[in-house]
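Small disclaimer: the values here were computed from a predicted structure and weren't measured. Along the sequence shown, residues are numbered consecutively beginning with 1.
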Amino acid sequence: MKRVALIHGWGGSFAATWEADGWSCALRAAGFDPVGVTIAGHGPDGGSHDPADYADLAGDLAAKLPAGLYGAIGFSLGTKLLLELEARSPGSLGRLVLGGIGDNIFAPEAAGPALVAALRGETADPPPQVKALLAYAAKSGSDPACLAALLERPANPVLTEDRLATVKAPILIFNSRDDAVAQPDTRLCRAMPHARHHLIEGPGHVALTSDVRFREAAVAFLSK
């Protein structure tokens, strides 16, 4: 079977993101072998509380990926890391499905400081976007101190139009028009003009992986 890696977003996990939303079953039904990979500092096993230990998230992810991948699917932070690895070694990961990512890939996480404050109990009433991300993170059983350290890590990955111009993989960018985190995505799409782009109405950022349209589009793209 063709192996496909699934990389969750900040605060997520393979179980809470991909398995809970039916991706493993859908991929197996289409003849793929889904492989869940956990980003450093996530999940019940926890990790370091020192931001410096997350200075190369993509390198840590690369060490966990199995060899001979047919493709990979990423969401949010997971997508950023996949693009970083593609820029480092163009074509090495196979076909890429990138969800929940847009022009925010070129800038620090805008919600980072507010998220860190909420994770540390320094604010009683965070804004709606932060509340949604915290609810997403709670499902993974991750250590809040680890998640805060991840947000305070030295800037990485750092992607530019010039670096993205080197990518070779077939790519599908799949986003929600109502995604307050990833929209707009016009600059990202211009940086990779060969990539396919699919923009749907709803469901926002954290609910994207639960939308059947994303799952079906991903499976169809991988099956080509």
Side-chain angles (χ1 to χ4, degrees), residues 5-21 23-24 34-66 72-85 88 98-102 104-159 179-182 203-210:
L6 296 105
I7 317 299
H8 57 82
W10 173 90
S13 69
F14 174 62
T17 301
W18 305 111
E19 288 196 310
D21 289 336
W23 286 76
S24 294
V35 180
V37 184
T38 300
I39 296 173
H42 288 76
D45 291 339
S48 174
H49 293 177
D50 183 351
D53 289 333
Y54 302 111
D56 185 14
L57 286 179
D60 181 87
L61 177 65
K64 298 174 182 176
L65 291 173
I73 304 170
F75 170 64
S76 197
L77 176 58
T79 285
K80 291 183 181 182
L81 300 182
L82 288 175
L83 274 176
E84 171 65 24
L85 293 179
R88 293 181 187 184
L98 312 176
I101 196 67
N104 62 316
I105 199 169
F106 301 113
E109 288 94 342
L115 277 168
V116 170
L119 288 164
R120 291 181 174 155
E122 298 169 357
T123 178
D125 188 25
Q129 179 182 321
V130 171
K131 286 182 179 178
L133 289 167
L134 291 172
Y136 170 75
K139 297 176 182 178
S140 72
S142 298
D143 178 355
C146 291
L147 297 182
L150 278 156
L151 291 168
E152 294 183 318
R153 70 190 184 275
N156 79 99
V158 178
L159 290 157
D179 188 334
V181 175
H205 188 69
V206 297
L208 184 65
T209 57
S210 64

- Task: Starting from the C-alpha separation in whole Å, work towards a yes-or-no answer on side chain to side chain contact (heavy atoms under 4.5 Å, CB included) for Leu77 and Leu150.
- Result: CA-CA 11 Å; Leu77 176 58; Leu150 278 156; 5.6 Å; no
Worked verdict on Leu57 versus Glu84 for side chain to side chain contact (heavy atoms under 4.5 Å, CB included): CA-CA 10 Å; Leu57 286 179; Glu84 171 65 24; over 6 Å; no
Please determine whether salt bridge (Lys or Arg N to Asp or Glu O under 4.0 Å) holds for the pair Lys139 and Asp21, giving the CA-CA distance in whole Å, both sets of side-chain angles, and the decisive distance to 0.1 Å.
CA-CA 12 Å; Lys139 297 176 182 178; Asp21 289 336; over 6 Å; no
Could you go step by step and tell me if Tyr136 and His8 meet the side chain to side chain contact (heavy atoms under 4.5 Å, CB included) rule? CA-CA 11 Å; Tyr136 170 75; His8 57 82; 4.1 Å; yes
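From Leu115, atom CG reaches atom CG of Leu147 across 9.0 Å, with rounding to the nearest 0.5 Å. Ile7 CD1 to Leu61 CG: the interatomic distance, rounded to the nearest 0.5 Å, is 4.5 Å. Ile73 contributes atom CD1, which lies 10.0 Å from atom CG of Leu82 (distance to the nearest 0.5 angstrom). With rounding to the nearest 0.5 Å, the separation of CG in Leu83 from CD1 in Ile105 is 4.5 Å. Expressed to the nearest 0.5 Å, how far CD of Glu109 lies from CG of Leu151 amounts to 6.0 Å. Considering CG of Leu134 and CG of Leu119, their distance stands at 5.5 Å, rounded to 0.5 Å.
Nearest heavy-atom pair across Phe75 and Leu208 is CE1-CB, 4.1 Å. The shortest heavy-atom contact between Phe14 and Ser24 is CZ-OG, 3.3 Å. Counting all heavy atoms, side chain and backbone alike, Leu81 lies closest to Pro157 at CD2-CD, 3.8 Å. Between Ser142 and Ser140, the closest heavy-atom pair is OG-OG, 2.6 Å. The two residues Asn156 and Ala58 have their closest heavy-atom pair at OD1-N, 4.5 Å. Here the closest heavy-atom approach between residue Gly100 and residue Asp179 is recorded as CA-OD2, 3.9 Å.
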In a table with atom names and distances, give each donor-acceptor pair under 3.5 Å that connects a side chain of residues 121-132 to protein atoms at least two apart or in another chain.
residue : atom : partner : partner atom : Å
Asp125  : OD1  : Lys131  : NZ           : 3.1

List the atom pairs, with distances to 0.1 Å, where a side-chain N or O of residues 34-45 and a protein N or O form a donor-acceptor pair under 3.5 Å, not counting sequence neighbours.
residue : atom : partner : partner atom : Å
His42   : ND1  : Ile39   : O            : 3.3
His42   : ND1  : Ala40   : O            : 3.1
His42   : NE2  : Gly11   : N            : 2.8

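With Trp23 contributing its side chain and Thr17 its backbone, the two residues share no donor-acceptor pair below 3.5 Å.
Leu6 places none of its side-chain heavy atoms less than 4.5 Å from the side chain of Glu19. For the pair Trp10 and Ser76, the minimum side-chain heavy-atom distance is 4.5 Å or more.
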